[in-house]
Number of protein chains: 2
Amino acid sequence: MFKFAARKTFGLTKDTTTEKKIKEAAKAVFYSKGFEGCSSREIAQAAGLNVALVNYYFRSKNKLFQEIFSEALDEFIGSMVQIFQTELSLIEKLTIFIEKEFDFLARHPELPNFIINETNRDENCAIDESKYFNKVRETGIFEQMKLAQSKDEMIEIDIASVILLILSNCQYPVMSKNFMQSIMPIPNEQYALLLQAHKAHVIEMLVNYLFKTKI
Amino acid sequence: MFKFAARKTFGLTKDTTTEKKIKEAAKAVFYSKGFEGCSSREIAQAAGLNVALVNYYFRSKNKLFQEIFSEALDEFIGSMVQIFQTELSLIEKLTIFIEKEFDFLARHPELPNFIINETNRDENCAIDESKYFNKVRETGIFEQMKLAQSKDEMIEIDIASVILLILSNCQYPVMSKNFMQSIMPIPNEQYALLLQAHKAHVIEMLVNYLFKTKI
DNA sequence: AACTATATTAAACAAATGTTTAAAACACGG
DNA sequence: CCGTGTTTTAAACATTTGTTTAATATAGTT
């Protein structure tokens with residue numbers, strides 16, 4: 001079928017520096033501009049090499065994107081799972097998760113917008129629904145919540161709603177920075193400070209609302 | 001300069017049905033696919049006419065987009081202002097705003113993602129920062145909040161944080177529908193129900209957190 | 001050094017893009 | 001019904017796009 005198959009299909013995938021360079025460049029460009037917002041040539045140029053080479057390693061813009069996107073999702077869900085599977089109490093898990101999420105997003109502010117946005121572009125987002133769901137489920141977080149609810153330590157609320165509450169309050173403030181700055185006069189440094197203060201509000205608000213046993 | 005100026009530059013802008021058709025089509029296409037995600041021809045086709053005609057009326061894809069985008073923002077801020085400038089108490093304003101916002105977003109679910117996303121694409125978003133800020137400021141909502149805080153009816157919190165809390169919890173659940181559905185098995189009808197229940201949680205959580213005088 | 005498999009490049013390709021041209025269709029007052 | 005201004009169209013234009021080709025460079029093995 002393919003006279004020139006991509007490099008990956010052959011054996012020994014020694015971690016060429018070139019492949020990494022392309023992936024890093026693609027990641028940066030895709031994150032900030034989205035799939036449709038950039039060209040293959042732009043990625044190649046960002047990596048400091050030829051257009052043909054990116055297709056030589058990744059076969060097509062689509063293939064390359066899917067690899068980047070799926071890794072972004074892995075990273076994203078992974079950080080969630082990592083905390084859920086500890087032996088902490090729900091309140092501690094919630095607090096630590098929000099703390100870490102704010103810090104993580106301060107370093108990768110384009111990520112949530114990238115993921116939400118590309119997920120809405122029905123194409124290319126052939127996500128394995130059950131894969132991530134199972135990963136989260138296996139942490140036992142759902143049982144832990146149900147138990148807390150039955151012991152009347154936590155309010156009656158759909159687990160999906162809890163996830164929504166958490167992600168809403170962690171991600172939206174980062175995603176909407178430019179929008180917020182265009183309707184309110186907030187310089188960049190001040191927005192960073194705002195986010196720090198906001199984090200404390202979010203933690204207190206969510207803990208107080210979800211749990212009946214106040215600390 | 002222009003041998004063929006756009007129609008609008010001449011006098012009498014009688015509301016041609018054609019111009020409206022183009023705008024409606026452009027709105028639908030831009031909202032769901034974004035500026036970079038669609039072509040001029042796609043818009044023309046959606047309006048059922050020629051490509052040249054959309055440029056005849058709007059000069060360029062960019063010009064057309066900016067008109068759509070700025071109207072979207074007007075609509076968005078307008079609905080906010082409309083509630084702020086009533087004579088209700090803060091708690092009532094907050095409750096009604098969230099109610100209305102959830103209903104509005106149920107009808108226009110693409111809008112928040114569209115606005116956030118295009119605002120992040122630094123180009124084309126030459127928003128008049130002060131214009132919208134003044135509109136909101138003129139409602140007196142800031143003074144009302146400061147007064148409530150001084151009377152110890154409301155917690156000490158930055159006004160920007162309050163706006164963030166509200167928008168986060170109203171918009172993110174709508175924007176992230178596809179993402180949520182790809183990490184949790186939630187069919188469409190169930191997601192609508194989830195949103196209804198979520199709205200009640202958001203109202204109760206925000207009212208309880210922001211205001212000290214419980215109802 | 002010659003052979004071979006892999007890496008890299010410049011050039012080409014067809015399709016799609018935003019925009020413009022020039023001509024046709026339309027409306028309508030004289 | 002002719003003339004004039006507006007609306008609509010098909011076709012062209014120059015660029016850019018994703019992808020492929022074919023040729024060159026770079027190693028590594030015998």
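Protein chains get the first letters and strands the later ones, always in sequence-line order, with residue 1 at the start of each.
When rounded to the nearest whole Å, the span between CG of B:L53 and P of D:dT8 equals 5 Å. Atom P of nucleotide C:dA7 and atom NZ of A:K20 are separated by 15 Å, given to the nearest angstrom. Rounded to whole Å, atom P of D:dT9 lies 6 Å from atom CG of B:L49. Summarising the geometry, the separation between CD1 on A:I22 and P on C:dT9 is reported as 10 Å, rounded to the nearest angstrom. The nearest whole Å value for the distance from the NZ atom in B:K63 to the C1' atom in C:dG18 is 16 Å. To the nearest angstrom, P of C:dA11 lies 10 Å from CG of A:N50. One interatomic measurement links the two molecules: OH of B:Y56 to P of C:dC26, which rounds to 16 Å at whole-angstrom precision. In this entry the distance linking CZ of A:F58 with P of D:dT20 reads 16 Å, nearest Å.
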Check: protein-nucleotides 15-19 of chain D nitrogen or oxygen pairs below 3.5 Å:
residue: D:dG18; atom: OP1; partner: A:K61; partner atom: NZ; Å: 2.7
residue: D:dG18; atom: OP2; partner: A:S40; partner atom: N; Å: 2.7
residue: D:dG18; atom: OP2; partner: A:S40; partner atom: OG; Å: 3.3
residue: D:dG18; atom: N7; partner: A:R41; partner atom: NH1; Å: 2.7
residue: D:dG18; atom: O6; partner: A:R41; partner atom: NH2; Å: 3.0
residue: D:dT19; atom: OP2; partner: A:K61; partner atom: N; Å: 2.7
residue: D:dT19; atom: O4; partner: A:R41; partner atom: NH2; Å: 3.2

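Applying the ring-ring contact (aromatic ring centres under 6.0 Å, His included) test to every pair with at least one member in residues 159-205 of chain A, sequence neighbours left out, gives these pairs: A:F179-B:F76, A:H201-B:Y209.
When the side-chain contact (heavy atoms from CB on, under 4.5 Å) test is applied to B:Q82, no partner is found at least two apart in sequence or on another chain. Every residue meeting the salt bridge (Lys or Arg N to Asp or Glu O under 4.0 Å) condition with A:K199, not counting sequence neighbours, appears here in chain and number order: A:E99, A:D103. Applying the side-chain contact (heavy atoms from CB on, under 4.5 Å) rule to B:V174 yields the partners B:L105, B:P109, B:L195; only residues at least two apart in sequence or on another chain are considered. Residues meeting the salt bridge (Lys or Arg N to Asp or Glu O under 4.0 Å) test with A:E75, sequence neighbours left out: none.
Looking at A:K63, its side chain never comes within 3.5 Å of a backbone N or O of A:N55 through a donor-acceptor pair.
Between A:Y57 and C:dT8 there is a side-chain polar atom (N or O) within less than 4.0 angstrom of OP1 or OP2. Within the structure, a side-chain polar atom (N or O) of A:T18 is placed less than 4.0 Å from OP1 or OP2 of C:dT8.
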